[in-house]
Amino acid sequence: MAAAQIFGISRVRQHQAAPTLIMCSNTAKGAEEFSRLVNTGCKLVGCGSAVPSLRVTNHDLAKFIDTNDEWISTRTGIRNRRVLSGKENLTDLAIEAAQKALEMAEVDPKDVDLILLCSSSGDDRFGGAPVIQKALGCKHNPLAFDITAACSGFLLGLFSASCYIKAGGFKNVLVVGADAVSRFVDWTDRGSCILFGDAAGAVLVQACDIGEDGLFGFDLHSDGDGKRHLISTFKENETDDPSSENPSMTSFPPKCSSYSYLQMNGREIFKFAVRVVPQSIEAALEKAGLAGSNNFDWLLLHQANQRIIDGVATRLEVPSERVISNVANYGNTSAASIPLALDEAVRGGKVQPGHVIAAAGFGAGLTWASAIFRWG
């Protein structure tokens, strides 16, 4: 029996088109293009994910920091996390997740029009999306670029995909969320290292007729005033041998650049999340014409902390059986967490075609975003 039947939720509705780009033209070709764009929707048709082979349990962490399984699981809900090791790298995880999404969607790589890699910890500071494009075998050099918004990144990528499709005429857009925050964690700091893991997740967003539109509403925000609560800053280094002849050159040439360990004020992030996320989801539901928690099947939040997930679900009055959570097995995987959890729920039979999902991401920036979408 489908979840919609179990929960008594009706899903029969026609969704109006999202605002699209208005093109002014007095030519027949321009009128035809305008008609096509305003009648274009988009839907999620494939997903995939990949995680490193190394599993680090709470008991493993207790061997080298002052903590234990009960302390971690009680405060976070996390029991395991996956961490890159050996010859593994984040790009390979992203490629694997993207390949699985394309296979599920039955879309050939040559038909991909755009690849968006949502990541704040890639293998290359100049971005990794073009590498994914090459590895997938995309033949027509489609545009590929990175989006950096940490834990909100995937939903910003999803919004971007909808804009490219509804206003730009793109047909198949890959949105990949991939992060390896383990690279920036201080593994002697039990307040932060217990939270994070590495992973990649991907979805294929496809153009469709407006009557099949499956992206219903978004709510997107940022607040730079809260940036201080979650940062990994660039470390400026002095020269080994500063010039004495030219005072303006006393800091040149600089040493090799580096970034600090991730620094997080967990208490402030918790308060921030349980305050803004319910408001954001409610705003997205209103924009979608689906106000109220009874008008969606699943709540899918960024997997940061089980206490945050539970707190948001309580405020929205969503029962636990309608909440998707895999934080216990993977920890906080940043931009990968939502597509990773979605992929597991789809492949596990929990999320069925036609189910409506209310999703929200939140984190560094500070940024937060919500989306209401239908699977399949």
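Computed from a predicted structure; not experimentally measured.
Residues passing the salt bridge (Lys or Arg N to Asp or Glu O under 4.0 Å) test with E88: none are found, sequence neighbours excluded. Shown here are the salt bridge (Lys or Arg N to Asp or Glu O under 4.0 Å) partners of D60, two or more places apart in sequence or in another chain: K63.
Between G153 and I147 the shortest heavy-atom distance is O-CG2, 4.5 Å. A pairwise comparison of heavy atoms in R315 and V274 identifies NH1-O, 3.2 Å as the closest pair. The two residues I357 and L300 make their nearest non-hydrogen contact at CG2-CB, 3.8 Å. Considering all non-hydrogen atoms of both residues, S337 and H302 come closest at OG-ND1, 2.7 Å. For V356 against F216, the heavy-atom pair with the smallest separation is CG2-CE1, 4.1 Å. Smallest separation of non-hydrogen atoms from A200 and A178: CB-CB, 3.8 Å.
A single hydrophobic cluster is not seen to contain both V176 and V173; linkage of ILVMFWY side chains at heavy-atom distances under 4.5 Å, directly or through other members, places them apart. Note: the hydrophobic cluster containing V205 does not contain L102 (ILVMFWY, side chain heavy atoms under 4.5 Å, direct or indirect links).
L290 has its side chain within reach of I372: a pair of non-hydrogen atoms, C-beta onward, lies under 4.5 Å apart. Side-chain contact between C151 and F362 is absent, with no heavy atoms from C-beta onward closer than 4.5 Å. Using a 4.5 Å heavy-atom cutoff, the side chains of L44 and L215 are in contact. A heavy-atom distance below 4.5 Å is not found between the side chains of N58 and T67. Residues C118 and L156 are not in side-chain contact: their nearest non-hydrogen atoms beyond the backbone lie 4.5 Å or more apart. For the pair L114 and F145, the minimum side-chain heavy-atom distance is below 4.5 Å. Residues V277 and L316 are not in side-chain contact: their nearest non-hydrogen atoms beyond the backbone lie 4.5 Å or more apart. Contact annotation: the side chain of M264 approaches that of L195 to within less than 4.5 Å [non-hydrogen atoms, C-beta and beyond].
Among pairs with a residue in residues 269-280, those fulfilling side chain to side chain donor-acceptor pair (under 3.5 Å) read D219-S280, E268-K271, S280-S370, at least two apart in sequence or across chains.
Formation of a donor-acceptor pair under 3.5 Å by the R190 side chain with backbone atoms of D66 is found in this model. Side chain of K287 to main chain of F218: a donor-acceptor pair is present (N/O by atom type, distance under 3.5 Å, no hydrogens or angles). For R82 (side chain) and G331 (main-chain N/O), no donor-acceptor pair under 3.5 Å exists by modelled atom type. Distance alone, capped at 3.5 Å, places no donor-acceptor pair between the T74 side chain and the W71 backbone. The main-chain N or O of T314 is never found under 3.5 Å from a side-chain atom of E317 such that the two would form a donor-acceptor pair. Of the possible donor and acceptor atoms, none in the side chain of D343 sits under 3.5 Å from a partner among the backbone N and O of P339. For the pair K100 (side chain) and S49 (backbone), a donor-acceptor distance under 3.5 Å is present. No donor-acceptor pair under 3.5 Å is formed between the side chain of N326 and the backbone N or O of N329.
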Check your understanding: Passes side chain to side chain contact (heavy atoms under 4.5 Å, CB included), K171 versus D111? Steps please.
Key -> CA-CA 8 Å; K171 294 182 179 179; D111 295 322; over 6 Å; no
Review point. Stepwise, does the side chain to side chain contact (heavy atoms under 4.5 Å, CB included) test hold for N332 with N305?
Key: CA-CA 7 Å; N332 181 342; N305 182 312; over 6 Å; no
Exercise for review: Show the numbers, then the answer: is there a side chain to side chain contact (heavy atoms under 4.5 Å, CB included) between Y330 and E344?
Suggested key: CA-CA 12 Å; Y330 301 105; E344 284 201 336; 2.5 Å; yes
Check your understanding: What do the steps show when you test Q306 against S325 for side chain to side chain donor-acceptor pair (under 3.5 Å), and what is the final call?
Key -> CA-CA 8 Å; Q306 189 62 48; S325 175; 2.7 Å; yes
Exercise for review: Go through the steps to decide whether H221 and T367 satisfy the test side chain to side chain contact (heavy atoms under 4.5 Å, CB included), and finish with yes or no.
Suggested key: CA-CA 6 Å; H221 297 278; T367 58; over 6 Å; no
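Counting non-hydrogen atoms of other residues, nucleotides and ligands closer than 6.0 Å to CZ of R55 gives a total of 12 or fewer. Within a 6.0 Å sphere centred on CZ of F64, other residues, nucleotides and ligands contribute more than 12 heavy atoms.
To the nearest 0.5 Å, atoms CG (N80) and NE2 (H59) are separated by 9.0 Å. How far CZ of R183 is from OG of S121: 6.5 Å, rounded to the nearest 0.5 Å. With rounding to the nearest 0.5 angstrom, the OG atom of S293 is 5.5 Å from the CZ atom of R322. Rounding to the nearest 0.5 Å gives a distance of 6.0 Å between CG of L90 and CG of L84. Note that the CD atom of Q303 and the CD1 atom of I78 stand 9.5 Å from one another [nearest 0.5 Å]. Rounding to the nearest 0.5 Å places CD1 of I132 at 6.5 Å from OG1 of T91.
Of the charged side-chain nitrogens involved, none lies within less than 4.0 Å of a carboxylate oxygen, so that D108 and K139 do not count as a salt-bridged pair.
Side-chain atoms of T333 and D179 include no donor-acceptor pair closer than 3.5 Å. Side chains of N89 and D92: a donor on one and an acceptor on the other come within 3.5 Å. Using modelled atom types and a 3.5 Å distance limit, the side chains of D198 and S182 yield a donor-acceptor pair.
Each of L204, V346, V45 was evaluated against M104; a single residue qualifies, V346, per the side chain to side chain contact (heavy atoms under 4.5 Å, CB included) test. Considering K166, K43, R374 as possible partners of D213, the one that fulfils the salt bridge (charged side-chain N to carboxylate O under 4.0 Å, His left out) test is K166.
Aromatic ring centres of H355 and W375 lie farther apart than the 6.0 Å criterion allows.
Figure legend: cation-pi geometry between R81 and F196 absent, as NZ or CZ is not positioned both under 6.0 Å from the six-membered ring centre and within 45° of its axis.
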